[in-house]
Amino acid sequence: MSVNTADPMSDKSGDKSGLRISIPFWAQVLLGLVVGLVLGFVARTYDVSWLATALDKVGGIFVQLLKLAVAPLVFFAIVVSITNLRKVNNAARLAGRTLLWFMITSLIAVVIGLVVGLVSDPGAGSALTPADGAEPERTGSWLDFLTGIVPTDVVTPFTELNVLQIVFMAVVAGVAILKAGSKAQPVLALSESVLELLQKALWWVILLAPVGSAGLIGRAVVQYGWDLLGDYATFTAGIYIGCALVLFGVYPLLLAFAGRLNPLQFFKGAWPAIQLAFVSRSSVGTMPVTQQSAIRLGVPKDYASFAVPFGATTKMDGCAAIYPAIAAIFVAQIFDVRLGIKEYLLIAFVSVIGSAATAGLTGATVMLTLTLSTLGLPMEGVGLLLAIDPILDMIRTATNVAGQALVPVLVSAREQILDRTKYDNVSISPVGDVETTVLGEPQPQPAASGVG
């Protein structure tokens, strides 16, 4: 956090005599990662049990706080975003273009994943055998989308965190509010107020990310150590290379050629969200920052409030495209199953269409089970990858969130509704200005206000 002895709202003349150290949020999180690595190494190498426990509790509490707001945040964000579409010209066209670009970028991502998997040969050199695998407790199924979308009651989806069912109820509620018109205005006003409260509370959690990241990284080092990477070295490198190619290769090219935009400006505006996603491993938990980033990049607020929550539950280039493509090749090699053109086409189909079928389940793991079951590969292959999953999930989620910010910017640019002045002048500003860009109209910020 920032060390700040002067009131940031005070007169500039008062700042001259006070000590003021403002550390950017990205640097705070990076420092947290470094501290976590060191503490985790110490705890594991010297068997410091109390330090290992402390890291586990700190990281666990941070994730628990993020998850606490997920269910109501998704519901009210979707409700408000749907009602906000009435303020946007050509709302149906924008929604259609958003979905189209979600699918286009997912298809590109899965192709990248397949190419990296085929070139890197992720199963080669691994000492893992089919006997090391175990069937997962939960699996993905195409029936999940059909039978799992409609809840049996209104409480269970929130208690069991079934995001797909929550999205379904939110869409129904949002459309009903639009159809009811002025009679539903009190409900809409209440929804907007609750959403603001949730975003405010979640923002306090997000500001704990430097501490939370230290706990999460430290816990991972204590639990898995460095020896774990041996059997998964090629596979892990493949996931990170595939995500990096999409994140720093495909996305900039799309911005430059499809949107006629400077990619560097995009990363300036979206970096706080990408960084937080890497640490928190939660697209939904990062959603307020992603939405803030899109707005700061010039996306109209009413459109961003629809596209970002929609993307946070369905747009997963890392988890639903790159990861299952490389993982399927890895599992096939371990179990000595030969994949052909038909299987690669099926992987692409599952990646582009299947993410919606797993939106209410456990992210990439269930997406992988859906891919393996579609290909007819042994489900025990999932068990091979569970140990390494937390390390992979960081880059996967960062790629997810980058895509969730990219598509609204791209669609806005192509539809000529992007505020290019904002885009061209965006900077890596303190994360703490979310309250004036997401929860309200943009307001001028004090110079060098810091994050504290």
Side-chain angles (χ1 to χ4, degrees), residues 106-144 224 228-246 250 316-358 361-393 395-396 399-400:
S106 294
L107 180 59
I108 296 173
V110 73
V111 170
I112 295 289
L114 288 172
V115 171
V116 170
L118 291 171
V119 171
S120 65
D121 203 17
S126 175
L128 295 171
T129 67
D132 296 315
E135 289 195 25
E137 295 181 2
R138 298 183 76 178
T139 60
S141 167
W142 291 104
L143 291 178
D144 289 331
Y224 307 113
L228 179 68
L229 294 176
D231 290 330
Y232 299 94
T234 304
F235 177 74
T236 302
I239 296 296
Y240 271 77
I241 290 171
C243 288
L245 287 173
V246 171
V250 173
M316 306 175 192
D317 287 347
C319 290
I322 299 168
Y323 174 70
I326 300 177
I329 295 173
F330 176 80
V331 171
Q333 290 178 338
I334 296 297
F335 285 84
D336 198 22
V337 177
R338 186 177 180 84
L339 299 180
I341 297 297
K342 182 183 74 173
E343 285 75 22
Y344 297 137
L345 291 176
L346 281 174
I347 292 173
F349 174 78
V350 174
S351 299
V352 174
I353 306 297
S355 60
T358 60
L361 303 173
T362 311
T365 299
V366 177
M367 184 64 193
L368 177 58
T369 66
L370 178 61
T371 304
L372 296 184
S373 63
T374 303
L375 296 174
L377 290 172
M379 299 300 288
E380 288 83 358
V382 178
L384 294 171
L385 301 173
L386 289 179
I388 200 72
D389 193 72
I391 297 174
L392 306 177
D393 202 27
I395 190 64
R396 290 188 319 225
T399 307
N400 293 346

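Since we're looking at a predicted model, the values are computed, not measured.
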Practice prompt. Can you spot which of Leu392, Asp393, Leu368 makes a side-chain contact (heavy atoms from CB on, under 4.5 Å) with Cys319?
Written response: Asp393
Worksheet, complete the sentence: Here the pair of heavy atoms bringing Pro122 nearest to Gly117 is CD-O, 3.1 Å
Item to complete: Walk me through it: do Asp389 and Tyr323 pass the test side chain to side chain contact (heavy atoms under 4.5 Å, CB included)?
Response: CA-CA 10 Å; Asp389 193 72; Tyr323 174 70; 3.9 Å; yes
Worksheet, complete the sentence: One should read off an interatomic distance between Asp317 CG and Cys243 SG, to the nearest 0.5 angstrom, of 9.0 Å
Discussion item. Ignoring hydrogens, what is the shortest heavy-atom contact between Met379 and Leu372? Give both atom names and the distance.
Written reply: SD-CB, 4.1 Å
Discussion item. Rounded to the nearest 0.5 Å, what separates atom CZ in Arg396 from atom CD1 in Ile391?
Written reply: 11.0 Å
Item to complete: Kindly compute the distance separating CD1 (Ile326) from OG1 (Thr236), expressed to the nearest 0.5 Å.
Response: 10.0 Å
Fill in: Residue pair Pro324 / Thr371: nearest heavy atoms and the distance that separates them
CB-OG1, 3.5 Å
Item to complete: Output the distance between atom OG1 (Thr369) and atom CG (Leu377), rounded to the nearest 0.5 Å.
Response: 12.0 Å
Item to complete: Would you mind reporting whether Leu385 and Phe235 have side-chain heavy atoms less than 4.5 Å apart?
Response: yes
Worksheet entry | Spatial distance of atom OG1 (Thr399) from atom OH (Tyr240) [nearest 0.5 Å] | 9.5 Å
Identify every side-chain donor-acceptor pair in residues 327-342 under 3.5 Å, counting partners at least two apart or on other chains, and give the distances.
from   : atom 1 : to     : atom 2 : distance (Å)
Gln333 : OE1    : Gly123 : N      : 2.5
Gln333 : NE2    : Asp121 : OD1    : 2.2

Discussion item. Quick check for you: to the nearest 0.5 Å, what is the distance between Thr234 atom OG1 and Ile241 atom CD1?
Written reply: 9.5 Å
Worksheet, complete the sentence: With sequence neighbours left out, the residues meeting side-chain contact (heavy atoms from CB on, under 4.5 Å) with Ala325 are Val110, Leu114, Ile347
